[in-house]
Protein chains: 2
Amino acid sequence: MARGAVREPAASDGTGGVRDEPVRQRLLAVATRLFAEKGFENTSVQEIVSAAGVTKGAMYHYFDSKDDLLREIYARVLRLQTERLAMFAGAGEPIADRVHAAAADVIVTSVDNLDDTKIFFRSMHQLAPETQKAVRAERRRYHERFRDLVEEGQRAGVFRDDVPADLVVDYFFGSVHHLGTWYHADGPLPGATIARHFADLLLSSLRPPT
Amino acid sequence: MARGAVREPAASDGTGGVRDEPVRQRLLAVATRLFAEKGFENTSVQEIVSAAGVTKGAMYHYFDSKDDLLREIYARVLRLQTERLAMFAGAGEPIADRVHAAAADVIVTSVDNLDDTKIFFRSMHQLAPETQKAVRAERRRYHERFRDLVEEGQRAGVFRDDVPADLVVDYFFGSVHHLGTWYHADGPLPGATIARHFADLLLSSLRPPT
DNA sequence: TGTCGTTGACCGACCAGTCGGTACGCTAAG
DNA sequence: CTTAGCGTACCGACTGGTCGGTCAACGACA
């Protein structure tokens with residue numbers, strides 16, 4: 001590596017288009033890709049830093065551990081989804097429309113960040129129990145926010161109420177979380193189409209029984 | 001270990017109730033439990049054989065590799081579910097009832113074998129690519145069989161046909177596969193209740209739109 | 001009945017390699 | 001002079017897998 005260069009190595013550094021992001025961001029981006037490709041435990045720290053064009057010293061300067069790297073990836077996608085859910089939940093439309101919009105949106109963002117989605121559910125259990133508990137708690141808050149939306153619809157008589165709202169949320173998000181196992185960006189259906197179909201199925205299953 | 005004993009060690013051998021299963025079965029049972037608890041990569045071969053009361057020599061006598069152990073666990077649960085699906089699909093009842101029964105059954109068996117379910121979707125990507133492809137292919141056949149059922153209902157006009165049957169199957173099995181991440185046997189809802197609710201939601205979402 | 005030879009089941013010490021993590025040094029900026 | 005931002009060298013723990021060896025059961029044969 002060119003030691004004479006100033007802060008950032010020159011334009012072409014072999015990291016594939018992420019060349020002038022700061023080191024920390026580059027490490028996160030590369031780790032996300034590698035974790036999604038080969039799994040957390042099968043990706044060595046050495047591979048990550050090599051792909052990012054730095055060394056282990058740099059990585060351990062920005063992150064406490066390999067676990068910490070994974071945790072940061074989780075936190076990032078959770079922040080994004082939580083923000084967007086709050087936006088859709090607080091809109092002024094009828095409850096059914098808000099649920100439909102929020103459901104469709106979470107699918108679109110999951111597809112747009114498919115690597116994060118994959119990592120989340122494959123590698124969660126690799127984290128230290130304490131860290132895992134923290135991540136789970138944040139995830140739970142997200143689910144509860146969505147559940148409140150469903151309950152609002154049930155109280156309004158728009159949704160069937162013979163199925164617990166919690167179960168409905170687990171049901172729907174099971175589908176969302178498993179997008180990573182079968183969806184491919186080059187497949188026949190674009191993310192927006194899947195989002196619409198899944199949201200339709202959710203709303204349809206919530207119609208009160210005849 | 002008592003070397004003087006004959007084939008099977010005496011009654012109490014500290015393996016916790018699996019004492020007189022043959023060694024191969026014991027290894028599978030113990031590995032299933034440990035893989036579900038701590039993940040495939042975080043479970044060493046030494047831990048497995050210690051918990052099963054044998055040594056590495058024994059394990060490598062029955063299995064080619066650690067991967068082979070995982071593959072056997074997959075194959076076992078896939079065989080079971082495939083058999084049961086064929087049974088429900090071939091019954092003489094109306095198509096809606098058959099889909100409902102098959103959907104509820106796969107949930108019950110997933111809950112009954114929750115460890116296998118967890119392992120399946122957490123550790124699949126750890127397998128060698130070739131092995132992984134074989135397992136995926138078998139899994140795909142199972143999904144296709146289920147999809148055919150949905151399509152049968154669509155052709156009969158019982159189910160809505162504005163959503164591709166493939167998508168419906170991915171939608172539903174996402175929920176099934178994620179049972180392992182939130183369901184606990186000591187929770188408030190028994191498996192049969194969840195099975196009923198999920199199957200109801202599926203059938204409800206398949207009703208033709210008004 | 002006694003005693004070989006063979007075979008399947010299993011033991012346990014060991015190896016070569018890999019991994020996450022650390023200690024320390026250098027450089028440039030403030 | 002201090003601090004941030006890294007690079008380099010290296011450690012110790014651990015892993016999957018191997019390999020020579022042990023032991024009991026069994027069939028053959030006298």
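Small disclaimer: the values here were computed from a predicted structure and weren't measured. Labels below follow one simple rule: chain letters A, B, ... track the order of the sequence lines, proteins then strands, and each chain is numbered from 1.
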Would you verify whether the NZ or CZ of R145(A) falls within 45 degrees of the ring axis of Y142(A) while also being under 6.0 Å from that six-membered ring's centre? no
Could R71(B) and F63(B) be counted as a cation-pi pair, given that NZ or CZ must be under 6.0 Å from the ring centre and within 45° of the axis? no
Looking at F40(B), I'd like to know if the NZ or CZ of K66(B) sits under 6.0 Å from its six-membered ring centre while staying within 45 degrees of the ring's axis. yes
When rounded to whole Å, the CG to P distance for the pair L27(B) and dG16(D) reads 14 Å
Can any side-chain N or O of H177(A) pair as donor or acceptor with the backbone N or O of S175(A) at less than 3.5 Å? no
Can you see if the side chain of H61(A) gets near the phosphate of dG5(D) - specifically, an N or O under 4.0 Å from OP1 or OP2? yes
Classify the ring geometry between W182(B) and F198(B) as parallel (under 30°), tilted (30 to 60°) or perpendicular (over 60°). tilted
Any chance you could list the contact pattern along nucleotides 18-23 of chain C? Use B for base contacts, S for sugar-phosphate-only contacts and - for none, protein heavy atoms under 4.0 Å, 5' to 3'. -SBBB-
Rounded to whole angstroms, how far apart are CZ on R24(B) and P on dC10(C)? 12 Å
